[in-house]
Amino acid sequence: MKRLTSREDLIALRRQCTEAAEYETKAIMVCGGTGCVAGGSLDIYARLKELMEQQNIPVDVEIAEIPHGEVVGLKKTGCHGFCEFGPLVLIEPQGWLYTKVKLDDCEEIVEKTIKNGEPVDRLVYKIDGEIYRKQEDIPFYHKQTRLVLEHCGQINATSIRSYLSIGGYSAVEKALFDMTPDEIIKEITDSGLRGRGGGGFPCGDKWASCRRQKEFPKYIVCNGDEGDPGAFMDRSIMEGDPSRMIEGMIIAGIAIGAEEGYIYVRAEYPLAVERLRLAIAQAEELGLLGDNILGTDFSFRIHINRGAGAFVCGEGSALTASIEGKRGMPRVKPPRTVEHGLFDKPTNLNNVETYANVPSIINRGSAWYRTIGVESSPGTKAFALTGDIRNTGLIEVPMGTTLREVIFDIGGGMRGDSKFKAVQIGGPSGGCLTEKDLDLPLDFDSLKKAGAMIGSGGMVVMDDTTCMVEVARFFMNFTQKESCGKCVPCREGTLRMLQILERIVEGKGEDGDIELLEEIADVVTHTALCGLGKTASNPVLSTIKNFREEYEAHIYEKRCPAGVCSKLKVYKIDPELCKGCSKCARNCPANAIHGEIKKPFEIDQSACIKCGACMSNCNFGAVKLEA
Amino acid sequence: MNQDFDFSVVDAILERHPQNELSTIAILQDIQEHYHYLPEEVFPRVAKAIGVGEARLYGVATFYENFSLEPKGKYLIRCCDGTACHVRGSQPILDRLTRELGLTGGKHTTDDLAFTLETVSCLGACGLAPVMTVNGTVYPAMTPDAASKVLKELRAELAAESADQNAAEAGNAEAEPEK
């Protein structure tokens, strides 16, 4: 590819890519997100290619530099979001979505759909007797507004030409040639864009403050350390539309006056790292990154740093320390990151989704952006919808959408016949919301008021078989393990809270434990050094607030109402069903089962260690569990 | 410490990175990728090359969860215990694997260095929960029984390999007298 040295060069290349893409009259988009890859989508991609080549069907995996007649475009895309039904294959121009595609389905897809233009109805989404051939008609997609994720699943995530063919890099072009840095910042400020990483800090204010700093060089840092268990929005953007995020970072560089950018990606996301590397290399080759971009005096480079497994590195000062090759521990603030960030220089730190919002704001303007979402939180938010819900996956909705719409309309309600109990938003830093909060609009301020937070956007839906005390213990266990140990309140406080919670789920809770938890939580929240500690108590406090009776049942009645906590389970042998075969007794590691052959056996509750070996070994279903 | 440690791999890795503190994590990641852990012999060498103290390097290596100072098993089983996997029942899977591998007292690796069992908080494949990976290959929608089955297959693979090896050695032994 030739290096672009002017605005005209970029416009010409973009036109050429768009025109060449028009020759792709049919296209097969195979989902290449982590979920579908795990389901075998890359093999499906290879098989489709092989089949079409064997049958001499012209197929292009990259948009041709010189078009050679009509072809079928075969693309490896980013996450389509409907992960529960993966591997997914989207057929264009018809917009048909094939779900749960297997290797053996490839021949039929080529034969029926590509050759004859007929749908393979066996593979399309069906629910409640209705057939949904088109992706946009499926209820899961219908209520969504895909803005940041608009290209995820629609373009080839490994090709900058594919990105250019749909107008890519037009925002960088506009920012470089038609706007001053102050105008860019004003546009972002006017748009009301708030940081999508958790806190919801106004993005324009941050950029303006970083621009005002007198010291140079300045740095642009992108936080892709999406460590919240149960959240994968940023991963999907990095994998599915890496160039969009890179464009956002370049624009931030122009606005703030920085020439170096760093992307910090979690180690668990190897595919995201690969796609970003590719997108950066392709942009460098075209001169969209590097010295004198498009012939201007603006230069910008982007480096990738892989994390090494530390949740706390999602905190700003810990993240910059980690990029510097140090232990990722937060420091006391102020000074803030915009003043003393990476290498002690002024640094603008935003997360992946925030940068990915920037190009469309620059292209379409802040007034347009404000038409989406609500007054105090404009725009959309991506959520990772997981847990005991029918349609798990990646979704994007306008801010202000209610929880009910998300869980029951988009998510399709609960799995099986289970009943909705709670939803945890914002991962280990967030809180849980219940039935009474279902009509709450999802935006930064409403959630905060309700004791939860948007956080990065993980949304874990739980049904009535979930024990909330156990969930609180789970999150505290996570936070305690991830506490870096620098400040005493977090290091000691999370450990003490974890010990209390462990005691409660083991049936050793004592009177006063709930109050003690609340007291420690209060101290940790007010005295911890960084966000990790300050928010660590949220899951405990919100489960106590909403499910106090469950705590009390564990502590005073030694009973787990959801029947989850294994130490509180009671195994009993039903004398009616027991044949007296002695298999359970022989397999009991604690010798807690006694009896005579051919007569019902009995479990000695004082010796039972609740391992469940008797239950899994009984051939007659005579061992029963009582909650 | 092993006096005869072969530094060629470490030196090649050092060559690939700018030799300063900024490369600390990237260099340790490459070494870990090769050995599946960080042999203690590498610390003085790396510390000197990038100009930081050994203690500091050790501090970085012990801070991040991905680095291990202990050798790991041939098969690295990572059981996801992220929120989504947890609520869909990852704990029983973990319990089953721990029991079948005979890992007690907080050990993660079997004595024969065949298996290492770790938990990981979220692989980002929440739609397929509960998930586990074996040397990077993802196994979706696991159950305790499915995990047992995978373990059985891996053990069979190991047995087949060592049988091959024994056969090869036996073959060599037989072949020798003819030489």
Side-chain angles (χ1 to χ4, degrees), chain A residues 34-39 81-86 226-232 235-236 266-270 272 305-311 313 322-329 384-388 392-394 424 427-428 458 460-463 466 471 474-475 478 481-482 484 566 611-612, chain B residues 17-18 20-30 32-33 50 52 56-68 78 80-92 95-96 99 118-129 131-133 136-141 144-145:
Chain A
T34 295
C36 286
V37 168
F82 207 17
C83 308
E84 185 80 38
F85 289 88
E226 190 179 41
D228 275 18
F232 53 93
R235 192 208 66 201
S236 300
R266 198 165 177 234
E268 285 78 2
Y269 290 173
N305 282 70
R306 277 192 304 150
F311 177 66
C313 287
S322 184
I323 293 178
E324 292 166 13
K326 302 190 177 99
R327 285 165 75 98
M329 302 224 254
L385 197 55
T386 60
D388 300 316
T392 54
L394 182 72
Q424 175 80 15
V460 185
V461 181
M462 293 172 270
D463 67 12
T466 315
V471 167
F474 168 80
F475 282 119
F478 177 82
K481 265 205 281 189
E482 296 295 344
C484 79
S566 59
C611 69
Chain B
H17 296 275
N20 54 42
E21 190 181 359
L22 294 189
S23 314
T24 311
I25 293 174
I27 289 171
L28 292 180
Q29 277 169 334
D30 284 1
Q32 163 108 9
E33 207 165 296
I50 61 175
V52 301
R56 180 145 206 170
L57 192 62
Y58 182 78
V60 171
T62 49
F63 182 82
Y64 295 97
E65 210 180 320
N66 291 168
F67 298 128
S68 167
R78 304 178 94 188
C80 182
D81 196 25
T83 322
C85 289
H86 190 78
V87 303
R88 280 196 186 178
S90 58
Q91 193 61 44
D95 291 344
R96 175 76 71 92
R99 203 167 75 210
E118 286 179 354
T119 57
V120 47
S121 33
C122 202
L123 294 162
C126 312
L128 312 165
V131 177
M132 74 178 205
T133 66
T137 309
V138 182
Y139 290 85
D145 289 340

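Below, chain A is the first sequence line, B the second, and so on; all start at residue 1. Predicted model, so just to flag it, every value in this text is computed and none were measured. Every heavy atom of this structure was used, including side-chain atoms; hydrogens, water molecules and symmetry mates were not.
- In this view, B:Asp30 and B:Arg16 satisfy the salt bridge (charged side-chain N to carboxylate O under 4.0 Å, His left out) rule, not counting sequence neighbours.
- For a residue to count as touching a neighbouring chain, one of its non-hydrogen atoms must lie under 4.5 Å from one of that chain's; by this rule B:Val120 touches chain A with the side chain only.
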(message) Would B:Thr24 and A:Lys326 count as a side chain to side chain contact (heavy atoms under 4.5 Å, CB included) here? Give the steps.
(response) CA-CA 8 Å; B:Thr24 311; A:Lys326 302 190 177 99; over 6 Å; no

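- Using a 4.5 Å cut-off between heavy atoms, A:Phe82 does not touch chain B at all.
- Remark: B:Asn66 CG to A:Glu268 CD distance equals 5.5 Å, nearest 0.5 Å.
- For a residue to count as touching a neighbouring chain, one of its non-hydrogen atoms must lie under 4.5 Å from one of that chain's; by this rule A:Ile323 touches chain B with the backbone only.
- Summarising the geometry, atom NE2 belonging to B:His86 is positioned 9.0 Å from atom OG1 belonging to A:Thr466; distances are rounded to the nearest 0.5 Å.
- Counting heavy-atom pairs under 4.5 Å between each of A:Gln424, A:Glu226, A:Arg306, A:Glu84 and chain B puts A:Arg306 at the top.
- Of the atoms belonging to B:Asn20, not a single heavy atom falls under 4.5 Å from chain A.
- Highest contact tally toward chain A, considering only B:Arg88, B:Gln29, B:Arg99, is held by B:Arg88 [criterion: heavy-atom pairs under 4.5 Å].
- With sequence neighbours excluded, no residue satisfies salt bridge (charged side-chain N to carboxylate O under 4.0 Å, His left out) with B:Glu65.
- Interface residue A:Ser322: backbone and side-chain heavy atoms are both found under 4.5 Å from chain B.
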